[in-house]
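Starting from 1, each residue takes its place in the sequence as its number.
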Amino acid sequence: MSDPIHVVCPACDAVNRLAPARLGAGGRCGRCHAPLFGGEPVALDETRFAHHLARSDLPLLVDFWAPWCGPCQMMAPAFAAAARTLEPELRLVKVDTEQAQGLAARLGIRSIPTLALFRGGVERARQAGAMDAAGIIAWARHQLRDGVS
């Protein structure tokens with residue numbers, strides 16, 4: 001039997017333990033009973049980002065964006081479509097760099113949109129520029145398969 005995977009609830013940020021074999025079935029949060037996977041990106045501020053990064057065993061695919069950014073707005077539906085395909089393999093999150101300026105500075109986010117893939121609390125890959133859903137999915141899976149240990 002495999003060790004349980006820690007999954008942070010997208011609604012209340014509680015840490016839930018889920019058997020790896022049950023990831024595909026989704027599950028609900030033990031605290032708030034919200035679905036653990038909704039097939040859509042989760043908006044995180046700096047505090048919530050740090051919690052998800054530190055406590056989740058799932059890789060995080062982060063879209064660093066800003067409301068005034070045209071390419072970011074154009075990529076938003078593609079990122080949402082990618083979430084429907086990639087969950088529960090990984091968690092897709094959005095971080096507004098206008099609201100999380102300290103985080104963006106610490107991570108050296110210099111252009112937006114920027115996708116960053118984190119695993120085990122560490123950034124493993126980064127890609128700047130807007131992509132369509134197929135590009136996001138292919139890039140993330142390639143990084144998980146070949147680039148992320």
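The hydrophobic cluster containing L58 also includes I5, V7, L18, L23, L36, F37, under a criterion of side-chain heavy atoms closer than 4.5 Å among ILVMFWY residues, counted directly or through chains of members. Through side-chain heavy atoms spaced under 4.5 Å, either directly or across other Ile, Leu, Val, Met, Phe, Trp or Tyr residues, V122 is tied to no other residue.
Among residues two or more places apart in sequence or in another chain, the salt bridge (Lys or Arg N to Asp or Glu O under 4.0 Å) test is passed with R84 by none. Taking A138 as the reference, nothing meets the side chain to side chain contact (heavy atoms under 4.5 Å, CB included) condition, with sequence neighbours excluded.
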As a quick check of understanding, evaluate side chain to side chain contact (heavy atoms under 4.5 Å, CB included) for T97 and W65, giving each step before the final call.
CA-CA 6 Å; T97 58; W65 71 286; over 6 Å; no
Show the numbers, then the answer: is there a side chain to side chain contact (heavy atoms under 4.5 Å, CB included) between Q143 and R119?
CA-CA 11 Å; Q143 297 305 321; R119 182 176 232 170; over 6 Å; no
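Atom OG1 of T85 and atom CG of L92 lie 9.5 Å apart (nearest 0.5 Å). With values rounded to the nearest 0.5 angstrom, R55 atom CZ is found 9.5 Å from D57 atom CG. Rounding to the nearest 0.5 Å gives a distance of 6.5 Å between CG of L107 and CD of E123. Rounding to the nearest 0.5 angstrom, the gap separating the CE atom in M74 from the CG atom in D132 is 10.5 Å.
Considering all non-hydrogen atoms of both residues, A81 and A133 come closest at CB-CB, 3.9 Å. Between A130 and P71 the shortest heavy-atom distance is CB-O, 4.0 Å. Of all non-hydrogen atoms in A140 and L61, the two that sit nearest each other are CB-CD2, 4.0 Å. Closest approach of N16 and G30 over heavy atoms only: OD1-N, 2.7 Å. Residues P113 and M75 come closest through the heavy atom pair CB-CE, 3.8 Å.
Within a 6.0 Å radius of CZ in R22, other residues, nucleotides and ligands contribute 12 heavy atoms or fewer. Annotation: R48, atom CZ; neighbour count of heavy atoms from other residues, nucleotides and ligands within 6.0 Å is above 12.
Between the side chain of E87 and the main chain of G39, a donor-acceptor pair closer than 3.5 Å is present. Although no hydrogens or angles enter the test, the distance criterion places no donor-acceptor pair under 3.5 Å between the side chain of H52 and the main chain of L60. No donor-acceptor distance shorter than 3.5 angstrom exists from the side chain of Q73 to the backbone of W68, with no hydrogens or angles considered.
At least one side-chain heavy atom of L117 sits under 4.5 Å from a side-chain heavy atom of L144.
Pairs passing the salt bridge (Lys or Arg N to Asp or Glu O under 4.0 Å) check and including a residue from residues 62-73, sequence neighbours excluded, read D63-K94. Counting only residues at least two apart or on different chains, the salt bridge (Lys or Arg N to Asp or Glu O under 4.0 Å) pairs with a member in residues 27-47 are E46-R106.
Under the 4.5 Å side-chain contact rule for hydrophobic residues, V95 and F118 share a cluster. Under a hydrophobic clustering in which Ile, Leu, Val, Met, Phe, Trp and Tyr are joined whenever their side-chain heavy atoms come within less than 4.5 Å, directly or via other members, V42 and V62 fall into the same cluster. Residues L103 and L44 are members of one and the same hydrophobic cluster, defined by side-chain heavy-atom contacts under 4.5 angstrom among Ile, Leu, Val, Met, Phe, Trp and Tyr. Linking ILVMFWY side-chain heavy atoms closer than 4.5 Å, directly or via other members, places L115 and I112 in two distinct hydrophobic clusters. When the side chains of ILVMFWY residues are joined at heavy-atom separations under 4.5 Å, either directly or via intervening members, F49 and V8 end up in two distinct hydrophobic clusters.
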